[in-house]
4 protein chains.
Amino acid sequence: MFVLVNLKTYPCDPVAVAEAVRDVNETTDARLAVAPQAAHLERVAETGVETWAQHVDPIDYGSNTGHALAESVAEAGAVGTLINHSEQRLKLADIDGSVQAAQRADLETVVCANNPAQIGAAAALGSDAVAVEPPELIGTGTPVSQADPDVVEDAVDAAAGVDSEVSVLCGAGISTGDDVVAAGELGAEGVLLASGVAKADDPTAALEALVDPL
Amino acid sequence: MFVLVNLKTYPCDPVAVAEAVRDVNETTDARLAVAPQAAHLERVAETGVETWAQHVDPIDYGSNTGHALAESVAEAGAVGTLINHSEQRLKLADIDGSVQAAQRADLETVVCANNPAQIGAAAALGSDAVAVEPPELIGTGTPVSQADPDVVEDAVDAAAGVDSEVSVLCGAGISTGDDVVAAGELGAEGVLLASGVAKADDPTAALEALVDPL
Amino acid sequence: MFVLVNLKTYPCDPVAVAEAVRDVNETTDARLAVAPQAAHLERVAETGVETWAQHVDPIDYGSNTGHALAESVAEAGAVGTLINHSEQRLKLADIDGSVQAAQRADLETVVCANNPAQIGAAAALGSDAVAVEPPELIGTGTPVSQADPDVVEDAVDAAAGVDSEVSVLCGAGISTGDDVVAAGELGAEGVLLASGVAKADDPTAALEALVDPL
Amino acid sequence: MFVLVNLKTYPCDPVAVAEAVRDVNETTDARLAVAPQAAHLERVAETGVETWAQHVDPIDYGSNTGHALAESVAEAGAVGTLINHSEQRLKLADIDGSVQAAQRADLETVVCANNPAQIGAAAALGSDAVAVEPPELIGTGTPVSQADPDVVEDAVDAAAGVDSEVSVLCGAGISTGDDVVAAGELGAEGVLLASGVAKADDPTAALEALVDPL
């Protein structure tokens, strides 16, 4: 299982969480990574943790101000990027452009979407993985695998119907190791999570509990 | 073949073009329709022509200001709607929402996209049809079926790979009957066009020339 | 006082409400108008009521799909338009473009904004009027003139500091005649309202109660 | 004069340009600063140069993915930020929110706008400075102070009419020391520039030529 910890713009110490992710990664067969803000990418990558960007723009080198260029994100140490997170929804043409920009810079891609139909759409764009996150469950602490297991299975089916190579991750409400196991049983190859680790008093303990059943 | 004439915000008389489309429709096996601005829908529909909206928003009845509600568009006489035209690009989640809103109001849907990958994505959302319009060809007078025939064939393949029921239309640069025939030979079941008819000195003659080889 | 009734995308009969606004307008010194959806503009204008658009886009005649062209809105019978309503927030450059488009088509303009600072900004763009609508009060039934009278006075001051000619309207939560009177006492020259009339069982009675103390 | 060098997403070495800006700053009475991409902020700030962000989002700590948080940008070493650059146009409400976010994090602010009317609007939002950049001149090499000097003077007047404290910068087409002097004579207290330095073979020489007449 792939466990990607999104630090959002939480008031956490990104380096401390990154070190926790890095250290717990060495104790488990699961693959752990962390996605900090752009301004924190370098410091986080220097810890040796697998580092992801939260977003890249559908642009190339050139006259763009305030954008996240895939090459700069990669040079700062990221090896992958989220695209179209529910807090950063993009136009269809721009998701396509961001996936292409990420691939140009050798970044792995996870395109997020709300429901199985959109997951099928995301899978058609050539991303390495897609992540289903029903917006109504984000931040609730109720995992999608429990609140609505059909959404995960339908997303896995929708993705497989379009591209048999694409992985499906499961987001929204994941906070315990049982949630991760349940997501895997429904066909997900990984999970996105955020506050359960980033806002934990002890991120290491939270991560250990999360990967323990894997 | 389905021929959909988009009036955009051209300075044409929408009723006069609508009447031309209506009259030529009666002389051909092709199916002709016209898509006026929202403020012109009622007057255009009253001519008896098949009337389409240019856009509907991903909303329901409620607190929305300046939006196109699918039910209102249908009530004004539209039987279908374009979604995600290259001049009205939407977020992926909003294309999904607009398709659902249109279906709720019994509007037929054509989702536009730039290239075969995005056509596959659009097809995954349950639209009745998709339309491929490479942005670099829009308004050039060079039809996509001639400038880049692979794009049309690849779009037809991409759509069929995702949903065997979805029709593919071909837009961008269509202006003659030969362009329409060529699009059909590449697998398209219809065409989108705009200035070739809407800005013609004699829209009836332009339409007659267009459907003559069909 | 100017009373502008925004019909939003409410499930009301736009013509019936328009007729109520028209009839009550003849019984009062206040000036009443109604803002229907674009697809309803013609039918509403035909009642003889003062008709406003809910939005116009910062465009001219040309290649635009799914947009509201100021000239088309005017031709359909509108004499004014809302711009930048809180449900249709625009980029600063586009508010400027929409005001210019409206003026080109001889439409009166009301630019909406959230707070006194933004009201000052809106006033700098040459609009005829600005409307202050704190987003947290919209749809609450608590009028801004009661919940936060300083916002109205500060908005009037901010507008006057930038352009001594611009009128200030007051929106959000207005539902009774007392609310309208209170808004006037704080310096507003009009009010925006919506559900209080558009969703009333008897719009005529609601309007009569509203204008009674004026 | 304040000279702010925007590195955009140009393929330059941000640290090398930052060192050039830092070194030339020590030789002149002008104040020089550099605005790199978010992912480069820390490395650039470590050179000791005055560092600016290209953009901050209208958000606070919390659930935001792919955004630039003012506090994180400041912690990475930025002391100011551009807002609403012509390549990153924002909604009016979001310019207001970004200015407030920047002030919360003690970042100096420059709000960009297209023309004198929008400059007046930007000045109403409490920014420290505004920058007028007619979009048609950006990247042309023709300075606004030469192509259209009235725009600069009108922008200075518009800003002063709204807020007597706000500084006006001049962007678009600035590439020589004479351009900077001309901008100053029209009332600007600084300039924004980009390619003239960031894409120069020798940024130090370009900067020296730029500040030489000051």
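Here is the naming used below: chain letters follow the sequence lines, and residue numbers restart at 1 for every chain. Computed from heavy atoms alone, side chains included, the values below leave out hydrogens, waters and symmetry copies.
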Looking at every heavy atom in both B:R89 and A:K91, which two are closest together, and how far apart are they? O-CE, 3.5 Å
Okay, B:N115 and chain A: the region with an atom under 4.5 Å from a heavy atom over there is side chain
Options B:I119, B:D163, B:L125, ranked by heavy-atom pairs under 4.5 Å with chain A, top entry: B:L125
Counting only heavy atoms not in B:D29, do more than 12 sit closer than 6.0 Å to its CG atom? no
Closest non-hydrogen atom pair, A:A124 against B:A121: CB-N, 3.4 Å
A:D96 and B:N114, any side-chain heavy atoms less than 4.5 Å apart: no
Proximal component of A:N84, with respect to chain B [non-hydrogen, under 4.5 Å]: side chain
Okay, A:L90 and chain B: the region with an atom under 4.5 Å from a heavy atom over there is backbone
